[in-house]
Amino acid sequence: MQFPEKIWHNGTIKPWAEATTHVMAHAIHYGSSVFEGLRAYDTPKGPAIFRLGDHTRRLFKSARIYDIVIPYTPGQIDAACRDIVAANGLRSAYLRPVAFRGAGSIGLAAETPIDVAVAALDFGRYLGAEALEQGIDACVSSWQRFAPNTVPAGAKAGGNYLSGQLVTREARRHGYGEGIALASTGLLSEGAGENLFLVFDGALHTTPASASILSGITRDSIVKLARDAGIEVVERDIPREYLYLCDELLMCGTAAEITPLRSVDGKPVGDGVPGPVTRRLQQLFFGLFDGSTADTRGWLEYV
């Protein structure tokens, strides 16, 4: 990966290499960080960050769950995101705001300084350059998502992604593009770092928050765009075998955007190629950035 020249770190834009922390930082040992992933897109009006305010609000909500007091206001984090895209001269970017417990005591409940950084990277397509067009092959992982009242799935916390690492690394070892996790109930949860939508008879079906998912902002965007376009959306519990019975299947997230799945566990999804509902959703979503879909909700914040 080509790293940018600059990063926002603890209130200052500085050279990338100078944004350091100590090896004894609490977050390194205990996963005590919260973060966001969001994208800036190159639009006819210049770089625009997608749903910046919504991402920042979720960052602060995640921090509240873990008693992490971010020493900046949401407005300052929004400004840092805009400023770091501009400082690196990027037309499009993947942004990573992160707040974490820094170096202090090593006790689990230790009170430590809270460090905050915002990076803006030239990131590209998370699941591969051809994934959006051709789809990927996925598998159901042997690793399940954490049970309710163990780890809060609704927080976007660093430690939560140990689960996703197990899921996706297992999938890659076996030659798949991505893994899918079941909830502790044995019902469908989500991908390693993506939400899922299944298509049956032209309607979108997705798993609920109670399935130990992170209710993604891209997921919410797809729900709203689909309903605007007259596509029915159903949120419900979904058994594993429905992955093999649906007409279309897609993953979504800031990194994955809208990625079709062409097979699961070696079984083709539908005809084995991205279907018409998936294509329509891609058209609506990416149309926000080329102007062919009206931004009626003010989701684009220009740098």
Which residues share a side chain to side chain contact (heavy atoms under 4.5 Å, CB included) with S184, sequence neighbours left out: A147, P148
Remaining members of W143's ILVMFWY cluster at a side-chain heavy-atom cut-off under 4.5 Å? L166, V167
Closest heavy-atom pair and its distance - L95, A40: CD1-N, 3.8 Å
Could you walk me through whether K14 and E5 pass the side-chain contact (heavy atoms from CB on, under 4.5 Å) test, one step at a time? CA-CA 8 Å; K14 60 180 66 173; E5 291 184 5; over 6 Å; no
Are any of the side-chain heavy atoms of E178 and L261 separated by less than 4.5 Å? no
Compare all side-chain heavy atoms of P97 with those of T56 and state whether any distance is below 4.5 angstrom. no
Looking at E257 and L132, would you say the former's side chain and the latter's main chain have a donor-acceptor pair under 3.5 Å? no
Sequence neighbours left out, what passes side chain to side chain contact (heavy atoms under 4.5 Å, CB included) with S142? Give chain and number order. E170
Under a 3.5 Å distance rule, please check whether E18 uses its side chain to pair with a backbone N or O of P15 as donor and acceptor. no
What distance do I70 atom CD1 and S62 atom OG have between them, rounded to the nearest 0.5 Å? 8.5 Å
What's the verdict on side-chain contact (heavy atoms from CB on, under 4.5 Å) for I77 and F60, showing C-alpha distance, side-chain angles and the deciding distance? CA-CA 10 Å; I77 299 300; F60 278 78; 4.0 Å; yes
Over 12 foreign heavy atoms within 6.0 Å of OH, Y242: no
Check: H26/T112 side-chain N/O donor and acceptor closer than 3.5 Å: no
Same apolar cluster (I L V M F W Y, side chains within < 4.5 Å links), I136/V199: no
Check: G216 main-chain N/O paired with N195 side-chain donor or acceptor under 3.5 Å: yes
Just how far is it from atom CD1 of I222 to atom OG1 of T206, taken to the nearest 0.5 Å? 8.5 Å
Just by modelled atom types, is the N10 backbone N or O under 3.5 Å from a matching donor or acceptor in the Y72 side chain? yes
Heavy atoms of A155 and N160 approach each other most closely as O-ND2, 2.9 Å
F285 and T293: CA distance, side-chain angles, deciding distance, side-chain contact (heavy atoms from CB on, under 4.5 Å) verdict: CA-CA 7 Å; F285 180 76; T293 300; over 6 Å; no
Has D295 got a side-chain atom pairing as donor or acceptor with L288's backbone, closer than 3.5 angstrom? no
Step-by-step side-chain contact (heavy atoms from CB on, under 4.5 Å) determination, T168 to Y161: CA-CA 10 Å; T168 196; Y161 284 78; over 6 Å; no
Residues, nucleotides or ligands: over 12 heavy atoms within 6.0 Å of R91 CZ: yes
Is any side-chain heavy atom of R145 closer than 4.5 Å to a side-chain heavy atom of S163? yes
If I take atom CG from residue D83 and atom CG from residue D78, how far apart are they, to the nearest 0.5 angstrom? 10.5 Å
Whether R39 side chain and T254 backbone form a donor-acceptor pair below 3.5 Å: yes
Have a look at F100 and tell me which of I28, D115, I114, V34 forms a side-chain contact (heavy atoms from CB on, under 4.5 Å) with it. D115
Are the aromatic ring centres of Y30 and Y66 under 6.0 angstrom apart? no
Hey, does I49 have a side-chain heavy atom less than 4.5 Å from the side chain of L300? no
Non-hydrogen atoms of D237 and P239 that approach each other most closely: O-CD, 4.1 Å
Could you check whether D265 pairs with R240 (Lys NZ or Arg NE/NH1/NH2 to Asp/Glu carboxylate O, under 4.0 Å)? yes
Atom CD1 of I68 and atom OG of S33: how far apart are they, to the nearest 0.5 Å? 7.0 Å
Given the rule that I, L, V, M, F, W and Y join up when any side-chain heavy atoms are under 4.5 Å apart, are I213 and F146 in one cluster? no
hydrophobic_cluster_shared for L187 and V234, side chain cutoff 4.5 Å: no
For A120 and N88, which heavy atoms make the closest approach, and how far apart are they? O-ND2, 4.0 Å
Does the side chain of L38 come within less than 4.5 Å of R51's, by heavy atoms? no
Between Y41 and D290, is there a side-chain heavy-atom distance shorter than 4.5 Å? no
Once rounded to the nearest 0.5 Å, what's the spacing between atom CD of E194 and atom CG of L214? 11.5 Å
Heavy atoms, side chains only, cut-off 4.5 Å: are I217 and H55 in contact? yes
Please evaluate residues K267 and E241 with respect to the criterion salt bridge (Lys or Arg N to Asp or Glu O under 4.0 Å), reporting the C-alpha separation (whole Å), side-chain torsions for both, the decisive distance (0.1 Å), and the verdict. CA-CA 11 Å; K267 302 176 189 293; E241 63 268 23; over 6 Å; no
So, are E248 and R262 salt-bridged, with charged N and O less than 4.0 Å apart? no
With a 4.5 Å cut-off on side-chain heavy atoms, are R82 and Y302 touching? no
So among D247, L204, L250, L249, which one has a side-chain contact (heavy atoms from CB on, under 4.5 Å) with T278? L250
Is Y94 reachable from F3 through a run of I, L, V, M, F, W or Y residues, each pair having side-chain heavy atoms under 4.5 Å apart? yes
In this structure, are over 12 heavy atoms from other groups packed under 6.0 Å from I106 atom CD1? no
Rounded to the nearest 0.5 Å, what separation is found between the CG atom of L243 and the CD1 atom of I238? 8.0 Å
Counting N and O atoms only, with roles assigned by atom type, does the side chain of S141 sit under 3.5 Å from a partner on the main chain of I180, one being a donor and the other an acceptor? no
Is there a donor-acceptor pair closer than 3.5 Å between any side-chain N or O of D42 and the backbone N or O of P47? no
Looking at D137 and S263, what are the two nearest heavy atoms and their distance? OD1-OG, 2.6 Å
If we ignore hydrogens and angles and just use 3.5 Å, is the side chain of H22 paired with the main-chain N or O of M24 as donor and acceptor? yes
Closest non-hydrogen atom pair between F50 and S221, with its separation: CZ-OG, 3.4 Å
Donor-acceptor pair, distance only, cut-off 3.5 Å: does the side chain of T207 make one with the backbone of S189? yes
Heavy atoms of other groups near E130 CD, more than 12 under 6.0 Å: no
Hydrophobic clustering (ILVMFWY, side-chain heavy atoms < 4.5 Å, transitive) - are L90 and V118 grouped together? yes
Would D54 and R58 satisfy salt bridge (Lys or Arg N to Asp or Glu O under 4.0 Å), going step by step from the backbone distance to the final call? CA-CA 6 Å; D54 292 323; R58 188 172 65 180; over 6 Å; no
